[in-house]
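Remarks on the structure that follows.
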Amino acid sequence: MKVLYITDAIVNWGGIERILVEKANYLVNNYGCDVHFITVNQGTHPIIFPLSEKVHYSDLDIRFHQQYDFRGFWRFIKKWKLERLFRERLRKYVDDIKPDVILTARVELISGILASKGKIPFVYESHSSYISDCYLSDGWFSLLKSKRLNYRVRHAEMVVALSDGDASDWKRITPNVSVIPNIVCLNKTGSYSSCENKTAIFVGRFSKQKDISSLLQIWSVVSNRYPDWQLHIYGGFGEEQNQLIEAIRRKYTNISVFPPTIDILDKYRESSLLLLTSLYEPFGLVLPEAMSCGIPVIAFDCPYGPREIIEDGVDGFIVGNRDIHQFAEKVCLLMGNQDLRVKMGRAGVKSSSRFEDKKIMPQWISLFQSLKH
């Protein structure tokens, strides 16, 4: 089986980037697949996650960001030239290797892929929800652009959603939708959190989607009742980074902000609970990661991932969406009861095993085989 992954770049400490690399590595190491991995905008930056030497890697060196060196009409011309270059280079690569299936998780690359793939089956992985534009679009023009990009997905032979909720949304534009959850980098050390440390953890970008503003409101409430607890934020780059970090430094003495780390499982094990306040989540990768380390998790019932990962009251809590008071109450309940933290944490270790690579990747192999000409 010859598989071609196409993405923009692997330069950020993001969940999409890590999952794509892990799947490529798994396919070559466990199934002997011939995997090719193409980036479009990598340039001279190193790949931030370890990619197996067995994976054939190339960067097309398009660097779409060059269009923003221009304005108005000239930006449009530069964008058109870069898109044409992308199609030409990708078409040559596809003609040379003749993959059995092509995949991307970047909706903005779909047009170029469709123009270059010929009759080769194409799969779009929905790592950003169909409804994301409802939360993130900045005005009607941005919303229209997002809707137009999403509409191109109807030409894919298959859309793979990470949750049933997101799958239902994609079925508005195409019947060819499957659900395959993310594989998760689970804790396999046999060592788990004691849930003794008075530390909560949040992992996510400083972006509008992650809604760290609500996290800070929640923390203001719980800090009044449990002032000896600390919140550790491991946050990657996002559009709200500067203003949020400044707000944290100005107002909170019991919140520490750290850069992303490849050793995040160690940080979960040093914590006693995880908080997730996202506006939406196609999956919610940090939830099963933290659960595998033996800590309970608390998340808003946002669309759609948390509801399909957490068993409310067993391995964590699902809170009515955007209900700050209820979220704070659940946090305080866990802060005040170590036995409950341990009980829920151990339940999470068991339930997180659903997302082991050896349980998820066979579903991808079955999909590839069903699409193969």
Side-chain angles (χ1 to χ4, degrees), residues 5-8 14-20 22-23 103-110 113 121-137 142-143 145-184 203-205 207-211 276-289 291 297 299-312 316 318-322 351-352 354-355 357 359-361 363-364 366-368 370-371:
Y5 282 99
I6 305 171
T7 193
D8 56 346
I16 296 176
E17 292 82 359
R18 181 169 47 157
I19 292 300
L20 293 179
E22 288 179 353
K23 287 196 293 189
L103 304 96
T104 192
R106 296 298 184 184
V107 69
E108 66 272 15
L109 299 179
I110 289 178
I113 294 172
F122 166 58
V123 176
Y124 172 65
E125 298 185 36
S126 175
H127 286 261
S128 58
S129 297
Y130 175 85
I131 60 171
S132 62
D133 52 13
C134 298
Y135 293 95
L136 304 182
S137 294
S142 176
L143 180 62
K145 180 180 178 181
S146 296
K147 292 293 186 184
R148 181 172 58 86
L149 289 174
N150 279 349
Y151 197 57
R152 293 173 182 170
V153 172
R154 74 189 190 281
H155 296 295
E157 275 69 27
M158 185 61 65
V159 175
V160 175
L162 305 178
S163 66
D164 291 330
D166 195 34
S168 295
D169 285 338
W170 283 113
K171 287 178 181 177
R172 300 177 190 176
I173 61 173
T174 176
N176 302 320
V177 183
S178 295
V179 178
I180 302 179
N182 265 331
I183 63 170
V184 179
V203 180
R205 302 182 311 279
S207 65
K208 182 178 179 181
Q209 178 201 346
K210 301 302 180 180
D211 194 14
L276 182 71
T277 53
S278 299
L279 295 173
Y280 69 92
E281 281 290 347
F283 184 70
L285 192 64
V286 299
L287 296 174
E289 282 181 349
M291 291 159 69
V297 297
F300 283 128
D301 191 13
C302 65
Y304 291 102
R307 171 63 63 179
E308 298 184 26
I309 296 173
I310 301 171
E311 186 175 355
D312 186 42
I318 291 284
V319 177
N321 202 14
R322 321 328 304 166
S351 63
S352 65
R354 292 172 289 160
F355 306 108
D357 46 20
K359 295 180 180 178
I360 301 298
M361 291 308 295
Q363 299 178 52
W364 279 102
S366 296
L367 175 62
F368 294 160
S370 70
L371 295 172

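What you see is a predicted model; the values in this text were computed from it and never measured. Atoms considered below: every heavy atom in the structure, side chains included; atoms not considered: hydrogens, waters and symmetry mates. If you read the sequence from its start, that first residue is 1, and numbering goes on from there.
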In Å and rounded to the nearest 0.5 Å, what is the [atom1] to [atom2] distance from [X] to [Y]?
{"X": "R152", "Y": "I110", "atom1": "CZ", "atom2": "CD1", "result": "8.5 Å"}
{"X": "I360", "Y": "K23", "atom1": "CD1", "atom2": "NZ", "result": "10.0 Å"}
{"X": "L109", "Y": "I6", "atom1": "CG", "atom2": "CD1", "result": "7.5 Å"}
{"X": "L20", "Y": "R106", "atom1": "CG", "atom2": "CZ", "result": "8.0 Å"}
{"X": "S163", "Y": "I180", "atom1": "OG", "atom2": "CD1", "result": "13.0 Å"}
{"X": "N150", "Y": "I173", "atom1": "CG", "atom2": "CD1", "result": "6.0 Å"}

Residues L276, V297; criterion side-chain contact (heavy atoms from CB on, under 4.5 Å); working and verdict: CA-CA 8 Å; L276 182 71; V297 297; over 6 Å; no
Looking at [Y], is its backbone amide N or carbonyl O close enough to the side chain of [X] to form a donor-acceptor pair, meaning the two atoms are under 3.5 Å apart?
{"X": "R354", "Y": "S351", "result": "yes"}
{"X": "E308", "Y": "G165", "result": "yes"}
{"X": "T277", "Y": "K210", "result": "yes"}
{"X": "S129", "Y": "D166", "result": "no"}
{"X": "E125", "Y": "V160", "result": "no"}

Derivation of the side-chain contact (heavy atoms from CB on, under 4.5 Å) call for R322 and L279: CA-CA 8 Å; R322 321 328 304 166; L279 295 173; 3.7 Å; yes
Any idea which heavy atoms bring [X] and [Y] closest together, and the distance?
{"X": "L287", "Y": "P306", "answer": "CD1-CA, 3.8 Å"}
{"X": "F300", "Y": "G320", "answer": "CD2-O, 3.5 Å"}
{"X": "I310", "Y": "G316", "answer": "CG2-C, 3.7 Å"}
{"X": "S126", "Y": "P282", "answer": "O-CB, 4.1 Å"}

Answer whether the closest heavy-atom distance between the side chains of [X] and [Y] falls below 4.5 Å.
{"X": "W364", "Y": "L103", "value": "yes"}
{"X": "F283", "Y": "V184", "value": "yes"}
{"X": "P303", "Y": "N321", "value": "yes"}
{"X": "Y130", "Y": "V153", "value": "no"}
{"X": "L162", "Y": "Y304", "value": "no"}
{"X": "S128", "Y": "V107", "value": "no"}

For R18, side-chain hydrogen bond (donor to acceptor under 3.5 Å, both in side chains) partners two or more places apart: E289
With sequence neighbours excluded, residues passing side-chain hydrogen bond (donor to acceptor under 3.5 Å, both in side chains) with S278: E281
Reference residue F355; test side-chain contact (heavy atoms from CB on, under 4.5 Å); the match among I309, I183, N182: I309
Candidate pair N176 and V159, rule side-chain contact (heavy atoms from CB on, under 4.5 Å), full reasoning: CA-CA 6 Å; N176 302 320; V159 175; over 6 Å; no
